[in-house]
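Since the structure comes first, as structure tokens, the remarks are kept for the end.
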Amino acid sequence: MSEERSLNFIEHIIEEDLANGFPKEKLRFRFPPEPNGYLHIGHAKAININFGLGLKYNAPVNLRFDDTNPAKEEQEYVDSIKEDIKWLGFQWENELYASDYFQQLYDWAVELIQAGKAYVDDQPSEVITAQRKTPQEPGVESPFRNRSVEENLDLFERMKNGEFEEGSHALRAKIDMTSPNMNMRDPVMYRILKKPHHRTGSDWCIYPMYDWAHGESDYIEQISHSLCSLEFKPHRPLYEWYLDQVYDPAKVRNKQREFARGNVGYMITSKRKLLKLVEEGHVTGWDDPRMPTISGLRRRGYTPESIRNFWEKAGVAKRDNLLDPALLDHSVRDHLNKISPRVMTVLDPVKLVITNYPEGKEEWLETENNPEDEAAGTRKVPFSRELYIEREDFRESANRKFFRLTLEKEVRLKGAYIIKGERVDKDADGNITTIYCTYDPDSKSGSGTEASQRKVKGTLHWVSIQHALPVQVRLYDRLFTVPQPDADKEKDFLDYLNPDSLKVVTAYAEPAMKALEIGRTVQFQRLGYFCVDKDSTEDTLIFNRTVTLRDTWAKMDTAD
RNA sequence: UGGCCUAUGGUGUAAUUGGCAACACGUCAGAUUUUGGUUCUGAAAUUCAAGGUUCGAGUCCUUGUAGGCCAACCA
């Protein structure tokens with residue numbers, strides 16, 4: 001957690017502020033989600049930045065819901081956002097809502113009108129938009145721009161009282177219709193929305209726009225550094241302008257700074273597109289293990305630590321970026337390697353018969369649970385004459401690079417004996433149905449005999465057929481086939497859905513796995529990390545593959 | 001045809017503010033290994049371009065080039 005690391009540009013800004021006399025105890029941050037969707041991997045970056053800063057400087061971090069648009073926002077999202085942040089391991093100082101400040105915002109708006117800095121526009125939205133023109137040419141002022149303070153006050157109050165229809169009036173800041181920054185061309189501060197709000201109910205029928213609500217909320221909460229993504233950079237002059245209207249020099253002047261959002265290859269984070277995946281049934285829900293949502297990653301088996309470390313390693317800067325998903329893989333493997341008990345499961349079984357092992361005999365062999373963690377202890381695994389091994393772990397003959405079972409070479413069965421392939425049975429199509437081998441009774445793992453210490457090139461995982469526990473395994477792969485599925489605006493991102501993003505197989509597990517609870521992660525030896533899915537029933541355990549192990553053999557093999 | 005922002009190995013980020021371009025992931029090679037995992041060692045690979053200032057430029061200046069953002073009563 002506290003590895004030596006150079007400061008990112010945001011930390012440089014804070015250090016500079018501190019060096020210039022800003023009191024450290026007045027540092028305060030916030031994470032401001034709009035409760036209109038589920039949190040995803042990109043939000044995790046912002047969460048990590050803000051809460052990470054809170055931890056680093058021992059400063060409070062508020063969770064503030066930006067709930068100024070009742071048309072899109074719901075309590076359900078508030079709940080899931082809170083759950084996800086907590087799961088990631090962060091604690092907010094206060095749970096707050098922009099809607100808490102509606103009255104204060106309204107009062108300030110009245111002051112702006114009185115100061116001649118805001119006016120009610122009676123024009124429809126399309127006309128206002130048209131009058132703003134384009135960034136290349138100056139806008140045109142509204143005919144209502146210069147009406148009297150009294151009239152504005154009256155109109156605004158009547159807007160508030162619900163006397164007008166939606167869209168018929170709006171309160172606008174009077175700034176500069178010729179600004180090259182479109183945000184300054186008399187932005188709308190309030191619109192009429194006759195919709196119930198998830199917190200304020202029907203108290204209000206006018207709602208503040210983002211720019212008006214957000215910066216002033218920062219000010220009310222005395223947020224010292226308001227960090228957001230780069231697309232808000234052009235809003236900063238407006239943020240400052242609004243702040244100027246209400247600022248008291250005795251207070252902290254909140255500042256907005258912008259960083260580049262984090263993009264991860266083969267993932268999308270557009271709320272609209274994510275919603276489409278869910279609604280059209282391309283995934284099973286917001287928490288489908290292939291989704292980039294926090295709930296999806298959680299169900300997939302990612303740990304909070306792995307996600308935090310991922311963003312820690314990714315860093316923060318201001319340029320567009322596309323992170324290699326290999327970094328995410330690495331982060332999750334790195335953590336899971338340390339904490340996951342090892343078990344043996346065969347995903348694609350082929351029968352192996354040990355011809356010189358007595359029929360009916362069984363042995364319970366002691367095996368370590370985690371070579372990375374001695375405290376994890378040991379368990380017993382049943383061994384018998386007939387086993388399943390992985391189909392790809394056998395070739396009738398192979399070159400020197402193939403370390404696995406052949407008809408010529410010896411391999412070790414993990415935690416058991418050294419065996420040697422003898423012959424195979426095949427079906428009419430030439431597929432191997434049974435492999436016969438002999439074992440060396442003196443080579444038992446851990447027995448200390450000379451035979452047991454013999455070096456063999458390969459070690460295979462296996463499961464005793466008569467003891468095997470059938471389980472369902474869901475093998476997940478990336479959801480899309482290209483790094484940026486939504487980069488091309490002409491193309492539908494759905495065209496890039498990976499048809500093989502999920503494969504379901506019946507696998508055979510060692511019996512001890514029966515006791516695994518939902519959510520638990522284990523390493524299937526030599527295969528990857530898997531966690532127990534909530535769809536598991538009393539009869540059938542279901543595992544999600546979080547990530548495979550690194551597989552240098554697969555790389556060599558396909559390279560040939 | 002406006003304004004703003006950003007350009008450093010394959011990818012993501014650093015560089016004590018003008019002083020030997022580094023860290024991580026990935027890649028490749030080797031060692032270790034009862035997981036082709038882990039761990040360890042090593043290697044290849046970087047300053048968008050052209051000028052300029054300077055003893056010295058990733059950093060400063062000029063001119064380009066490329067990419068991104070901005071024209072919701074969304075956030």
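Chain letters run A, B, ... following the sequence lines, proteins first and then strands; every chain starts at 1. Note that these values count all heavy atoms, side chains included, but never hydrogens, waters or copies made by symmetry.
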Just checking A:Ser125: base, sugar-phosphate only, or nothing, at a heavy-atom cut-off of under 4.0 Å? base

Opening and closing nucleotides of RNA chain B in contact with chain A, under 4.0 Å to non-hydrogen atoms: B:U1 to B:A75

Should the ring pair A:Tyr388 and A:Tyr508 be called parallel, tilted or perpendicular, given that the plane angle runs from 0 to 90° and is split at 30 and 60? tilted

Under 4.0 Å between any heavy atoms, over every strand shown, what does A:Leu549 touch: base, sugar-phosphate, or nothing? Just pick one. base

What is the distance from atom NE2 of A:His43 to atom CG of A:Asp84, rounded to the nearest 0.5 Å? 10.5 Å

Quote, to the nearest angstrom, the P distance that separates B:G42 from B:A24. 11 Å

Could you check whether A:Gly262 gets within reach of a base, just the sugar-phosphate, or nothing at all, counting any heavy atom under 4.0 Å? nothing

Tell me what A:Met209 touches on the nucleic acid: a base, only sugar-phosphate, or nothing, going by heavy atoms under 4.0 Å. sugar-phosphate

I'd like to know whether NZ of A:Lys174 has more than 12 heavy-atom contacts from other residues, nucleotides or ligands below 6.0 angstrom. yes

Across the strands shown, which category fits A:Arg404 at heavy-atom distances under 4.0 angstrom: base, sugar-phosphate, nothing? base

Partner nucleotide of B:A14 by Watson-Crick or wobble geometry (both distances under 3.5 Å): none

Comparing A:Arg550 and A:Lys318 on RNA chain B - which has the more 5′ nearest nucleotide: A:Lys318

With syn meaning chi within 90° of zero and anything else anti, the base of B:A15 is anti

Using the C1' atom as the reference point in each nucleotide, state the distance between B:A57 and B:U8 in Å, no decimals. 14 Å

Considering every strand shown, what is the Watson-Crick or G-U wobble mate of B:A43 when both distances are under 3.5 Å? B:U27

Using atom C1' of each nucleotide, how far apart are B:U62 and B:A71 to the nearest Å? 32 Å

For A:Pro124, report the nucleic acid contact type (base, sugar-phosphate, nothing); a contact means any heavy atom under 4.0 Å. base

Sticking with atom P, work out how far B:G9 lies from B:A49, rounded to a whole angstrom. 10 Å

When the nearest nucleotide of RNA chain B is assigned to A:Glu231 and to A:His12 on a heavy-atom basis, which residue is associated with the more 5' position? A:His12

Would A:Thr521 and A:Ile339 satisfy side chain to side chain contact (heavy atoms under 4.5 Å, CB included), going step by step from the backbone distance to the final call? CA-CA 9 Å; A:Thr521 286; A:Ile339 63 168; 5.9 Å; no

Looking at the angle O4'-C1'-N9-C4 for a purine or O4'-C1'-N1-C2 for a pyrimidine, is B:U62 syn or anti, with syn meaning within 90° of 0? anti

Base, sugar-phosphate alone, or nothing: which one does A:Tyr207 contact when heavy atoms must sit under 4.0 Å apart? nothing

Quick check: does any side chain N or O of A:Asn370 sit under 3.5 Å from a backbone N or O of A:Pro341, one acting as donor and the other as acceptor? no

Could you measure between the two P atoms, the one in B:G3 and the one in B:C74, and give it in whole Å? 29 Å

Hunt down the Watson-Crick or G-U wobble partner of B:G36, both distances under 3.5 Å, from any strand shown, or write none. none

Test side chain to side chain contact (heavy atoms under 4.5 Å, CB included) applied to A:Pro196 - qualifying residues, sequence neighbours left out: none

Evaluate the ring planes of A:Phe402 and A:Trp553, with Trp represented by its six-membered ring, and classify them as parallel (under 30°), tilted (30 to 60°) or perpendicular (over 60°). perpendicular

Pairwise P distance, B:A31 and B:G68 [rounded to whole Å]: 47 Å

Once you apply a heavy-atom cut-off of 4.0 Å, does A:Pro371 come out as touching a base, just sugar-phosphate, or nothing? base

Please give the nucleotide sitting opposite B:C69 as a Watson-Crick or G-U wobble pair, both distances under 3.5 Å, or none. B:G3

What does A:Ser331 touch in the nucleic acid at a heavy-atom separation under 4.0 angstrom: a base, only the sugar-phosphate, or nothing? nothing

Determine the contact category for A:Gln123: base if any of its heavy atoms lies under 4.0 Å from a base atom, sugar-phosphate if only primed atoms, P, OP1 or OP2 are that close, otherwise nothing. base

Looking only at atom P, what distance separates B:U59 and B:A7, rounded to whole Å? 12 Å

Within the structure shown, what part of the strands sits under 4.0 Å from A:Arg342 by heavy-atom distance: base, sugar-phosphate, or nothing? base

For the residue pair A:Phe383 and A:Tyr417, categorise the inter-ring angle as parallel (less than 30°), tilted (30 to 60°) or perpendicular (more than 60°). tilted

Assess the residue pair A:Arg308 and A:Asn48 against the criterion (side chain to side chain donor-acceptor pair (under 3.5 Å)); give the C-alpha distance rounded to whole Å, side-chain angles, the decisive distance to 0.1 Å, and a yes or no. CA-CA 6 Å; A:Arg308 282 190 258 125; A:Asn48 209 52; 5.4 Å; no

Separation between the C1' atoms of B:U65 and B:A50, rounded to whole Å: 10 Å

Taking pairing as Watson-Crick or G-U wobble with both contacts under 3.5 Å, can you name the mate of B:G64, or confirm there isn't one? B:C48

Considering every strand and a 4.0 Å limit on heavy-atom distances, what is the contact class for A:Gly458: base, sugar-phosphate, or nothing? nothing

Across the strands shown, which category fits A:Val316 at heavy-atom distances under 4.0 angstrom: base, sugar-phosphate, nothing? sugar-phosphate

How is A:Arg319 classified with respect to the nucleic acid when contacts are heavy atoms under 4.0 Å: base, sugar-phosphate, or nothing? base

Go through A:Trp212 and A:Trp108 one step at a time and tell me if the side chain to side chain contact (heavy atoms under 4.5 Å, CB included) criterion holds. CA-CA 10 Å; A:Trp212 174 237; A:Trp108 274 332; 3.7 Å; yes

